[in-house]
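Structure first, commentary second.
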Number of protein chains: 2
Amino acid sequence: MSTQNVPALFNRMAIRATSNGLNPCEACPIRDMSVCAGLNSHELDHVNAIVTRMTIDSERAVFYEWDSAEHVFNVTNGTVRLSKMLPDGRRQVTGFLYPGDFLGIAYSDTYAYTAEAISPLSLCRFPRHKLEALFDEIPGLEKRVLGVASNELRAAQDQMLLLGRKTAQEKLATFLCSLIKAGKQNGGRQDAIDLPMNRTDIADYLGLTTETVSRTFTRMVKDGVLELPSTHRVVFQQPKRLQQISEGET
Amino acid sequence: MSTQNVPALFNRMAIRATSNGLNPCEACPIRDMSVCAGLNSHELDHVNAIVTRMTIDSERAVFYEWDSAEHVFNVTNGTVRLSKMLPDGRRQVTGFLYPGDFLGIAYSDTYAYTAEAISPLSLCRFPRHKLEALFDEIPGLEKRVLGVASNELRAAQDQMLLLGRKTAQEKLATFLCSLIKAGKQNGGRQDAIDLPMNRTDIADYLGLTTETVSRTFTRMVKDGVLELPSTHRVVFQQPKRLQQISEGET
DNA sequence: CGTATACTTGAATTGAGTCAATAAGTGTGG
DNA sequence: CCACACTTATTGACTCAATTCAAGTATACG
């Protein structure tokens, strides 16, 4: 169940009453990967005082593009899909977020995209104005958020190059390479990954159709670049070849 | 000529020795449109102390994608083209910057894109580390930069939707609408604009070829949506129709 | 175990790209 | 001010990568 509808005060009390008396942030699994990294115990108390921990079922929205942008979030578990839609239903997925990622940066009244859970999701939710107030109390926190924004901006530029100028095969190769890279940071196996998203999500992320994504997977399997033990599992036979394909060296 | 090669000290002395003794920032034409908006006289002195004013010839680079990201800039006059390239030369233009725009946000060692002048360009250049030091002295400045980054992020999301899911006609209509909108902010005529960029730049921005851009312009002229008195001038006959086209209502 | 959903494959179509030939600007020097 | 060269833009004919439409096949889940 979500904590979404639980009064905030009750929530904070519950959070503070952990069995060992520690601030739950101290034990947070993504502590060192997120915007909270490097905060000291005292600062974490500040953060903890304004956070609401919540869970969201798979395929439910965290927020919609047109929602008033009152909160920002930190993903602690699960995967989020960010997307925008045209009036006639055409969809562009603008990104996927994983544990440790920051969600909801927007210097405007509404969010820039819709955010939906594509697996059971755990989040830390912060009221925007309270987080901004924290910027004055925790030196470096704002700089960290600026860093996050800057990294997102770089990723967005890369995605524009992909969408505007890459072929279907290059697009899929680039996508898979970025998943490998993200997996590396989390210390997982580097020659195989699980795809938390389905073919439609991948297609909408790469500006393709599901059929083209499927055909491109098939072609890569035939070429011996990768294997698909199941639809959501990819084993890389030739990671370097994949990297070459992603940069157009074919 | 550029001030790029003039020693910084000399530069600052020259800047301070204005005829009326005022900080040149006070008279800056883009003062209220830029990240400097709302700074008081004292704060502008701080800014002025670290700025180098420079000019760049048309078609020359401000910096390249692979350059060490040591400076940030404020465009005071002219137009900048931002782009990324694939090894084989395919290019994606990721944006155009106009007077008042901020350039070079990057939380990494190198820039995320190449920035080139597409008209004679005037810039204010700030050493990154000095600007970051200013964040501590000028309250709200960092927040302002975060705001700029956030707006760029939103624009990048919109561009992803355009590149991934819009037709050629929708792409061009969207582009023209955004130029009208930008023109409005500067208080110009709203039913006609000058295009500072050529057809290749537009094509590379929209993920098209020059031929398709040209054909799409021709079609819009035939449909009575706009007129092209010259290749770099667009007169809008039916701005509302253009808006409709941009959102796929056809 | 059946049924809905997701994925793959095939055939035909098409929107935009490519290649090629003008046409229209733009600038330069005589 | 014009003739020339050069660049940029337009137009036409043809091609092709990806989409669309249409079956099938696998997979997940109550």
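All of these numbers come straight from a predicted model, not from anything done at the bench.
- Distances from the side chain of A:R215 to the nucleotides C:dC7, D:dT20, D:dA9 place D:dT20 closest.
- As rounded to whole Å, 15 Å separates atom P of D:dA13 from atom CD of B:E211.
- Nucleic acid contact for B:T218: sugar-phosphate only, since backbone atoms but no base atoms lie under 4.0 Å from a heavy atom of the residue.
- For the atom pair A:R125 CZ and A:R53 CZ, the distance stands at 12.5 Å (nearest 0.5 Å).
- When the C1' atom of D:dA26 is taken as reference, atom CZ of A:F217 falls 16 Å away, rounded to whole Å.
- OP1 or OP2 of D:dT19 sits under 4.0 Å from a side-chain N or O of A:T209.
- The aromatic rings of B:F175 and B:F96 sit tilted relative to each other, their planes meeting at an angle between 30° and 60°.
- Between B:R165 and A:L86 the shortest heavy-atom distance is O-CD1, 4.2 Å.
- The separation between B:N198 atom CG and C:dA24 atom P is 19 Å, rounded to whole Å.
- Map A:P229 and A:L208 each onto its nearest nucleotide of DNA chain D; the residue landing nearer the 5' end is A:L208.
- Backbone-only engagement by A:T231 is indicated by non-hydrogen atom pairs under 4.0 Å involving sugar-phosphate atoms exclusively.
- Residue contacts shown for A:T167 are limited to sugar-phosphate atoms, with no base heavy atom under 4.0 Å away.
- Atom pair A:L228:CG and D:dT25:C1' shows a separation of 15 Å (rounding to whole Å applied).
- When the P atom of C:dT9 is taken as reference, atom NZ of A:K222 falls 7 Å away, rounded to whole Å.
- Here the C1' atom of nucleotide C:dG27 and the CD atom of B:E59 are 15 Å apart, to the nearest Å.
- Rounded to an integer number of Å, the gap from CG of B:D204 to C1' of C:dG17 is 14 Å.
- Summary of the strand contacts: A:K166 and B:R199 both lie near DNA chain D, and taking for each the nucleotide with the nearest heavy atom, the more 5' one is attributed to B:R199.
- For the pair B:L195 CG and C:dG25 P, the computed distance is 15 Å after rounding to whole Å.
- Side-chain N/O atoms of B:H232 include one lying less than 4.0 angstrom from OP1 or OP2 on D:dA9.
- For C:dA16, the OP1/OP2 oxygens have no side-chain nitrogen or oxygen of B:T212 closer than 4.0 Å.
- B:Q92 places a side-chain N or O within 3.5 Å of a backbone atom of B:D204 that can act as its donor or acceptor partner.
- Ring centroid separation for the pair A:F73 and A:F102 does not come in under the 6.0 Å cut-off.
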